[in-house]
Number of protein chains: 2
Amino acid sequence: MSDELLRALDQAGVRLTGPRREIAALIARRNGHFTAADLIADANKRRLGVGRATIFRLLDLLAEQGLVERVDLPDGRHAYVPCEPSHHHHLVCVACGAIAEVEDCGIDAVTAEASRRSGFTIESHRLELFGRCPNCRSAN
Amino acid sequence: MSDELLRALDQAGVRLTGPRREIAALIARRNGHFTAADLIADANKRRLGVGRATIFRLLDLLAEQGLVERVDLPDGRHAYVPCEPSHHHHLVCVACGAIAEVEDCGIDAVTAEASRRSGFTIESHRLELFGRCPNCRSAN
DNA sequence: GAGGACTTGATACTGGGTCTCATTGTGTGC
DNA sequence: GCACACAATGAGACCCAGTATCAAGTCCTC
Ligand SMILES: [Zn+2]
Ligand SMILES: [Zn+2]
Ligand SMILES: [Zn+2]
Ligand SMILES: [Zn+2]
């Protein structure tokens with residue numbers, strides 16, 4: 001539920017205001033990835049009086065805390081995924097939007113090799129995998 | 001030079017128009033990554049009469065042909081990188097924008113493992129590495 | 001409770017990118 | 001070379017994500 005998000009925010013010294021609780025609840029009841037526009041639409045539908053800006057601000061906050069991660073979809077849209085705050089990568093179903101998390105499984109070797117060949121110092125990386133989840137694959 | 005881009009476009013059955021030649025020249029004289037806005041600024045500076053829309057349209061075309069690839073910068077901006085049309089990844093210098101290309105060096109093993117663990121069929125992936133090129137590292 | 005800092009939402013604004021459409025330019029067949 | 005069908009162009013309007021501003025409201029502490 002949204003309790004996790006709220007607890008984590010509280011521990012980070014962030015004020016737990018009414019709007020923030022409501023937006024956290026919206027996020028908790030989504031599954032898979034969502035865009036800022038999705039949340040704004042949700043909020044409008046439920047006639048919560050929260051403003052657009054507040055939603056963007058909370059998303060920034062959550063991203064800072066690593067509770068949510070930004071994903072760039074293949075079509076260029078920006079989406080968010082609720083997340084554990086440890087390093088990992090996302091597998092996104094292009095049909096239904098379902099998400100799976102995968103921990104590093106050999107990426108470090110790849111970055112080390114790339115660094116050796118190019119002479120670059122690598123500071124960060126982004127890996128996103130796109131495909132079809134088991135459900136969508138069988139539904140074809 | 002821009003001849004490569006033009007030749008590739010020609011072979012793909014695309015009309016070689018004046019504006020397209022000029023934009024291709026602009027791209028050829030850039031090094032590293034660039035944004036659509038960069039090209040638009042270049043075009044304005046040189047008083048080429050090309051419209052914004054034409055630049056976006058050519059970028060789409062080039063991306064379709066794999067002659068240019070879209071990169072999502074860490075700050076969320078969308079940039080492009082001139083490219084070979086074979087699969088590979090980019091190493092982007094966060095200080096000066098220099099680009100190095102790296103071929104797959106073990107990524108396939110990572111995707112296979114992720115697929116095995118999650119049950120997803122993986123159709124595509126995006127890997128971007130961010131760091132500092134040798135120049136920027138020593139200049140510090 | 002009172003106070004002061006933080007948060008909020010309305011609104012205006014920016015900037016990337018798309019759409020439309022009348023005009024122009026290109027490649028082709030002759 | 002020339003005409004023609006059709007693709008491409010550019011000007012401008014338009015749309016949408018995201019940001020900035022600021023007066024009014026809210027939270028937490030004391
Ligand atoms: Zn995650
Ligand atoms: Zn990683
Ligand atoms: Zn799916
Ligand atoms: Zn550099």
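Each chain gets a letter, A, B and so on, in the order the sequences are listed, and its residues count up from 1. If you're wondering where the values come from, they're calculated on a predicted model, not measured in any experiment.
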TODO: Answer with base, sugar-phosphate or nothing: what part of the nucleic acid does G76(A) contact at a heavy-atom distance below 4.0 Å?
DONE: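 Answer is nothing: G76(A) stays at 4.0 Å or more from every strand.
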
Scan side-chain atoms only and decide if [X] and [Y] contain a donor-acceptor pair under the 3.5 Å cut-off.
X: T121(B); Y: R132(A); answer: no
X: H33(B); Y: H78(B); answer: no
X: D38(A); Y: T35(A); answer: yes

Side chain of [X], heavy atoms from C-beta onward: which of [options] has the nearest atom to it?
X: R15(B); options: dG17(C), dT19(D), dG27(C); result: dG27(C)
X: T17(B); options: dT9(D), dG9(C), dC28(D); result: dT9(D)
X: P19(B); options: dG18(D), dG17(C), dG10(D); result: dG10(D)
X: A37(B); options: dG18(D), dG17(C), dG16(C); result: dG16(C)
X: R57(A); options: dT20(C), dA7(D), dT21(D); result: dT21(D)
X: A53(B); options: dG18(D), dG10(D), dG17(C); result: dG10(D)
X: D60(A); options: dC28(D), dG18(D), dT19(D); result: dT19(D)

What is the separation between atom [atom1] on [X] and atom [atom2] on [N], rounded to the nearest whole Å?
X: E22(B); N: dG10(D); atom1: CD; atom2: C1'; result: 13 Å
X: Q11(B); N: dG27(C); atom1: CD; atom2: P; result: 15 Å
X: I55(A); N: dC16(D); atom1: CD1; atom2: C1'; result: 15 Å
X: L58(A); N: dG9(C); atom1: CG; atom2: P; result: 11 Å
X: R20(B); N: dT24(C); atom1: CZ; atom2: P; result: 19 Å
X: R77(B); N: dT19(D); atom1: CZ; atom2: C1'; result: 16 Å
X: R21(A); N: dT8(C); atom1: CZ; atom2: P; result: 11 Å
X: F56(B); N: dG12(D); atom1: CZ; atom2: C1'; result: 15 Å

Open item on the list: Counting distance alone, no hydrogens or angles: does the base of dG10(D) have a donor or acceptor under 3.5 Å from a partner atom on the side chain of R52(B)?
Closed with: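 Such a pair does not exist between side chain and base.
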
Open item on the list: If you compare every side-chain N and O of H78(A) against the phosphate oxygens of dG18(D) (OP1, OP2), does one of them come in below 4.0 Å?
Closed with: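 So the side chain of H78(A) is within the cut-off, an N or O lying under 4.0 Å from OP1 or OP2 of dG18(D).
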
Task: Qualifying residue, where the test is side chain to side chain contact (heavy atoms under 4.5 Å, CB included) with V102(B) and the options are H89(B), H90(B), H88(B) - done: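 With V102(B) as partner, H89(B), H90(B), H88(B) yield a single side chain to side chain contact (heavy atoms under 4.5 Å, CB included), made by H89(B).
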
Open item on the list: If you assign each of T35(B) and V50(A) to its closest nucleotide in DNA chain C, which residue comes earlier from the 5' end?
Closed with: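 The 5'-side residue here is V50(A).
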
- [ ] On DNA chain C, check which nucleotide each of L16(B) and L61(A) is closest to and give me the residue with the more 5' one.
- [x]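 Whichever sits nearer the 5' end wins; that is L61(A).
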
Task: Taking every non-hydrogen atom, the tightest pair across R137(A) and G119(B) - done: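 Closest pair (atom of R137(A), atom of G119(B), distance): NH2-O, 2.6 Å.
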
